Protein chains: 2
Amino acid sequence: MAKPTKTNTPITEHLAYLLAQANREINRQLELRLSKEGVPVEQWRILKVLSDGNGHSMGELAEAVLLNHPTLTKMIDRMVSDTLVYRVQDPNDRRKVLMFISDRGKVLCRKLNSLAVDQEEHILESYGDKSTSELKRLLESLIDSSN
Amino acid sequence: MAKPTKTNTPITEHLAYLLAQANREINRQLELRLSKEGVPVEQWRILKVLSDGNGHSMGELAEAVLLNHPTLTKMIDRMVSDTLVYRVQDPNDRRKVLMFISDRGKVLCRKLNSLAVDQEEHILESYGDKSTSELKRLLESLIDSSN
DNA sequence: TTGAAAATATTGAATATTCAACAATTGAAG
DNA sequence: CTTCAATTGTTGAATATTCAATATTTTCAA
């Protein structure tokens, strides 16, 4: 008795592919909005994390904004040039650098937040309240289960 | 009467962020498996799309594997060097190039498929059957609603 | 207390991606 | 038909990312 031949799964049915596709699409839309202020998505994330007013080390930041260290260092260099953020050496551990958001950064961050909120609202409209919160829940739990 | 102050949404609650995070994690795991054969995820996708044996134009491929044209061209150059795929000029429209998978490509693709299936099974175990299929359904519908 | 290992951030070279310009072909309007 | 705009794919320069090596500071064991 032959085992039923496994139909070769098309790529569009792989979870990894669906995630990549959805991520790409949503990110593209967000990028489009944020480009009104000429800011890449990653910089918005950085500003948002720093906008709690606390100092965050580079390692912490890299983790939070999903960038690896050297990439973050170079992006922060640009943001320092633009006076959106600034570095302070951690007095408690001088290996570390603490990043802070500047006043200019805060102003920009508020504008970006409202652009991002626009997008979320747009998604809620076309995709629905229920689906959105359910999707978020499932994504969180997937992320959890992957650690 | 003051409108209730909107608590500034932390970044971890944005759909765009959750998608990026989940995508990154799942992709990292897949990358790890495929690295056993020394092949990047994008090349696996290309092989998988081409493994239907039909010719696919560069534009079609770029769309399917989520790469933009110049990036795809250069990746295909590498794959042609590795004799995994080959180019044929489309006889019906000589602007187009049709890509085909080679025998060597097919052999590699089968190995990669089984590595990818391993991963999907691993996800099913830790994350659950029900959650996985529900997540896939929601992602598909999000992608649909974004077009 | 000293010295080796670990943690943290940055740098520079190698690699990859993207943008804009280009070349070739097709389609379609006049 | 002819010409001009649109489509398709590639190229080269500019930009960004990554990997490996480095410098600095801290931790901790002997």
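Proteins get letters first, then strands, A, B, ... in listed order; numbering begins at 1 in each. Below, all heavy atoms of this structure are taken into account, side chains as well, without hydrogens, waters or symmetry copies. None of these values were measured; they are calculated from a predicted model.
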Between the side chains of B:Asn68 and B:Thr71, does any donor sit under 3.5 Å from an acceptor? yes
Of D:dT25, C:dT10, C:dT25, the nucleotide closest to the side chain of B:Asp93 is C:dT25
Name the pairs: protein N/O against N/O of nucleotides 5-7 of chain C, kept only if under 3.5 Å.
residue : atom : partner : partner atom : Å
C:dA7   : O4'  : A:Arg95 : NH1          : 3.3

Residues in residues 18-28 of chain B with a heavy atom under 4.0 Å of DNA chain D, by number, are none
Nucleic acid contacts - residues 30-40 of chain A versus DNA chain D, non-hydrogen atoms under 4.0 Å: none
State, yes or no, whether a side-chain contact exists between B:Leu47 and B:Leu84 at a heavy-atom distance under 4.5 Å. yes
Sorted by number, the residues of residues 54-64 of chain B with heavy-atom contact under 4.0 Å to DNA chain D: B:Ser57, B:Met58, B:Gly59
Partners of B:Ser145 by side chain to side chain donor-acceptor pair (under 3.5 Å), sequence neighbours excluded? none
Taken to the nearest whole Å, NE2/A:His69 to C1'/D:dA20 is 15 Å
Check B:Arg137 with B:Glu134, please: is the shortest side-chain N to carboxylate O separation under 4.0 Å? yes
Return yes if some donor-acceptor pair links the side-chain N/O of A:Ser35 with the main-chain N/O of A:Leu32 below 3.5 Å, else return no. yes
Would you confirm whether A:Arg104, through its side chain, and A:Asp82, through its main-chain N or O, come within 3.5 Å as a donor-acceptor pair? yes
Any donor-acceptor pair under 3.5 Å linking the side chain of A:Ser102 with the backbone of A:Thr83? yes
Going through the checks in order, is the side-chain contact (heavy atoms from CB on, under 4.5 Å) test met by A:Ile101 and A:Ile46? CA-CA 9 Å; A:Ile101 189 170; A:Ile46 291 169; over 6 Å; no
Euclidean distance, atom CZ of residue B:Arg87 to atom C1' of D:dG9 [Å, nearest integer]: 9 Å
Can you name the closest pair of heavy atoms from A:Asn23 and B:Ala16 and give their distance? OD1-O, 4.2 Å
Between A:Arg94 and B:Asp77, which has a closest nucleotide on DNA chain D that is more 5'? B:Asp77
Under the salt bridge (Lys or Arg N to Asp or Glu O under 4.0 Å) test, which residues partner A:Lys136, sequence neighbours left out? A:Glu120
In the hydrophobic cluster built from side-chain contacts under 4.5 Å, what are the other members alongside B:Ile143? A:Leu15, A:Leu18, A:Leu19, A:Ile26, A:Ile123, A:Tyr127, A:Leu135, A:Leu138, A:Leu139, A:Leu142, A:Ile143, B:Leu15, B:Leu18, B:Leu19, B:Ile26, B:Ile123, B:Tyr127, B:Leu135, B:Leu138, B:Leu139, B:Leu142
Just jot down the side chain to side chain donor-acceptor pair (under 3.5 Å) partners of B:Glu125, sequence neighbours excluded, or say none. none
Could I get a table of every N or O pair under 3.5 Å where one atom is in the protein and the other is in nucleotides 12-22 of chain C?
residue : atom : partner : partner atom : Å
C:dG12  : O6   : A:Lys74 : NZ           : 2.8
C:dT18  : OP2  : B:Asn68 : OD1          : 3.3
C:dT18  : OP2  : B:Asn68 : ND2          : 3.2
C:dT18  : OP2  : B:Thr71 : OG1          : 3.0
C:dT18  : O4   : B:Lys74 : NZ           : 2.4

Pairs satisfying salt bridge (Lys or Arg N to Asp or Glu O under 4.0 Å), at least one member in residues 10-27 of chain A, at least two apart: A:Glu25-A:Arg28
Considering only residues two or more places apart or on different chains, which pairs with a residue in residues 83-96 of chain A satisfy salt bridge (Lys or Arg N to Asp or Glu O under 4.0 Å)? A:Asp77-A:Arg87, A:Asp93-A:Arg95
What salt bridge (Lys or Arg N to Asp or Glu O under 4.0 Å) pairs are there with at least one residue in residues 58-75 of chain B, not counting sequence neighbours? none
